[in-house]
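Labels below follow one simple rule: chain letters A, B, ... track the order of the sequence lines, proteins then strands, and each chain is numbered from 1.
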Amino acid sequence: MDFLQNYVELAAMVLFGIGFTTLLLHKNMIKKIIGFSIMDNAIFLFLAAKGYIEGRTAPIVVDGVQTVEAYINPIPAGLVLTGIVVSVSVTAVMLSLTIRLYRRYHTLDIDEITALCRKEGEE
Amino acid sequence: MAKIRPDYETSWFGRLMHWLENGSTALDDAMTDEMDAHSRDHLVDSEHHHATQEHALEERRHAALEREQRMYSSLHQWASTKGSRLMRWVYIVASVVMCVGIIALLLNTAANLPPYGDPDNPVNNEVSAHYITQGQAETGAVNIVAGMILDYRAFDTLGESNVLFIAAVTVLVLLRLAPSRDGKPTTEMLEAEADDRLYEPKHDMILQHQANLLVPLILLFGIYVVMNGHISPGGGFSGGAIMGAGLILYLNAFGFRKTERFFTFRTFQIVSLMALAFYACSKAYSFFTGANHLPSIFSPGTPGMLFSAGLIPYLNIAVGLVVCCTMYAFYTLFRKGDM
C-alpha cells in the first residue's frame, strides 16, 4: 500500500499534532488558543478531504445534471460548516475568558495565574 | 490543622520529625533523663566530669544539627531552582514524545484509510447519492449543500445559529462593562473609554476614502451571497460573515459615533431574536406534525430562480442576519466592552 496516497489526510494529522504540541508546550494562554484553532482547522481539512472524489465538481447542479457520478459528496461540506461555526464561537468564548483573567491578574502566563490564584485562596 | 494520631509520639514518623527538630529522638531524651537521674543518685563525685562530657555532647549535637539544616536548605533551594527547571525539561520532553507518538499513530491510521478521492469509499454511500439525485426535486435548491443544511438538516442549522447567538451572549456577559447601580459609569468603564479613544480614527483620510468605496461593495456582495445561497456557492454563514466584515471596516474608518446611529445593543437584540424566532417558527411545523418531514407548504418553485426552493432563501436571510450581528458584536465587545 502506498503510504502517501492519503497525503491530504496525512497533512491534516500533522497539523493536528502541531496544534496539540502548541497547546501543551506554551505557557501563554493566547498561544494555547492558537494551538486549539490549528487543531480545529486540521479536523476541517480532514473532513473536507474525506468528501472529495477525484475528477468531480462541487455539489451545485449545473445544466440539470443530477447523476451521482457528476458531483462530490455534499455531506462533509455541511459538517465542516457546522464545525467552523462552533469553532468560531468556542474561540470567542475562550478569548473573552482570557481577557477577564488578564484584567484580574495582569498576566497571560498560565503558571503565574495559577500561583496567584493559589495565593488568593490561602488568604 | 491536621489531626494527630494518638500514637504519634511513638510512630516512626513522629520520631523522625522529633529527630529533625531537636536532633535527638524522644527515646534518646528519655534515656538521657534516666541517665541524668542515675548519675545524680550514684555518681555525685564525678559530677564535674559528667558536666564536661555533657557539654561536649551538646556541642556535637549542635554541629550535627547545623549540618543537617545546611543539607535540607540546599535541598530546598535545589527544588525551587534547579529542580523546577528539571521538571520543566521533563515535562517538555514527555509532551514532545507524547505528541510525536500521537502523530505517528494518527499518520499510521490515516495512511490505512480508504484511498483519497476514490468514488468507491464507504463515505460515498446511498445518503449522499440520494441528496445529489433527489435533492433538487425535493428541496428546489440548486446548491445541494444549501438544500441539505437548510431543509433536510434544518434543525442542525438552527442549533448552529443558536450556538453562535449563545456565544455572543456569553462574551457579552463576560466582557460588558455595566454602569454601577446608581447609573454612574465605573472607573473600569472610563478606563475602557479612554483606552478606546486612542484607537478612534483621527480623520484617517486614506482609510476613510477606501472605506467609502469598499463598504457599499462589501455589504452588497454579502447580500448577494446570502440571497443566492440556494443557487450558487454561498449561504447565510458566509454572506453574514462578509456583511459583518463590512460593518467592522465602517466602524474602523468612521468610529463609534457613526455606527451608533444605526447599530446599538438594542439593534443586536431585536435583529438576532427576530431572526432566530422566525427560523424556529418556520421549522417548528415538523414538531407539530409528529416530526414527519411533511412536504413544505411553499412550493419548491423553478430551480435556479431567486425566489425558489421554498423557505430556503428566507432561512438563509435569517441565518445571515444572526451571523452578521454576532460578528459585529464580537468585534465591538472585544474592542471596548460595549456596543
Options A/V14, A/L25, A/L10, A/T82, ranked by heavy-atom pairs under 4.5 Å with chain B, top entry: A/T82
What part of A/I84 lies closer than 4.5 angstrom to a heavy atom of chain B: side chain, backbone, both or neither? neither
Heavy atoms of other groups near A/Y105 OH, more than 12 under 6.0 Å: yes
Could you give me the CA-CA distance, side-chain angles and deciding distance for A/F46 and B/L113, then say whether side chain to side chain contact (heavy atoms under 4.5 Å, CB included) is met? CA-CA 12 Å; A/F46 179 77; B/L113 284 173; 3.7 Å; yes
Contacting region of A/V8 [heavy-atom separation from chain B under 4.5 Å]: side chain
Only one of B/V145, B/N143, B/V127 clears side-chain contact (heavy atoms from CB on, under 4.5 Å) with A/P74; which? B/V145
Taking every non-hydrogen pair under 4.5 Å, which of A/G55, A/A49, A/A77 racks up the most with chain B? A/A49
Applying side-chain hydrogen bond (donor to acceptor under 3.5 Å, both in side chains) as the test, list every pair that has at least one member in residues 97-108 of chain B; sequence neighbours left out. B/N108-B/N112
Any side-chain to backbone donor/acceptor pair from A/N73 onto B/S128? Under 3.5 Å, distance only. no
Does OH in A/Y102 sit with more than 12 non-hydrogen atoms of other residues, nucleotides or ligands closer than 6.0 Å? no
Step by step, work out the side chain to side chain contact (heavy atoms under 4.5 Å, CB included) result for B/R153 and A/L79. CA-CA 10 Å; B/R153 302 184 175 203; A/L79 296 181; 4.0 Å; yes
Which of B/G159, B/S161, B/A129, B/P115 touches chain A most, by non-hydrogen pairs under 4.5 Å: B/P115
Which residue out of B/D156, B/T133, B/I92 racks up the most heavy-atom pairs below 4.5 Å with chain A? B/T133
Roughly how far, to the nearest 0.5 Å, is the CZ atom of B/F165 from the OG atom of A/S89? 12.0 Å
Which atom names give the shortest non-hydrogen contact between B/M148 and A/G78, and what distance separates them? CE-CA, 3.8 Å
Distance check, rounded to the nearest 0.5 Å: B/F334 atom CZ versus A/L95 atom CG? 5.0 Å
Counting heavy-atom pairs under 4.5 Å with chain A, the top scorer among B/T170, B/T326, B/L107 is B/L107
To the nearest 0.5 Å, what is the distance between CD1 on B/I144 and CD1 on A/I72? 10.0 Å
Among the listed options A/Y52, A/Y71, A/F16, the residue most often paired with chain B at heavy-atom distances under 4.5 Å: A/Y52
Under a 4.5 Å heavy-atom cutoff, which of A/L81, A/L97, A/V88 has the most pairs with chain B? A/L81
Shortest non-hydrogen contact from B/Y116 toward A/E54: O-OE1, 4.5 Å
Shortest non-hydrogen pair, B/M98 vs A/L24, comes out as CE-CD1, 3.8 Å
Based on non-hydrogen pairs under 4.5 Å, which of B/I149, B/V323, B/N124, B/V96 is most in contact with chain A? B/N124
Over all atoms of both residues, closest heavy-atom pair of A/N6 and B/P114: OD1-O, 3.3 Å
A/M13 versus B/I103: any side-chain heavy-atom pair under 4.5 Å? no
Minimum heavy-atom distance A/R100-B/V173, with the two atoms named: NH1-O, 4.2 Å
Inter-residue atom distance A/I99.CD1 - B/L333.CG, 0.5 Å rounding: 9.5 Å
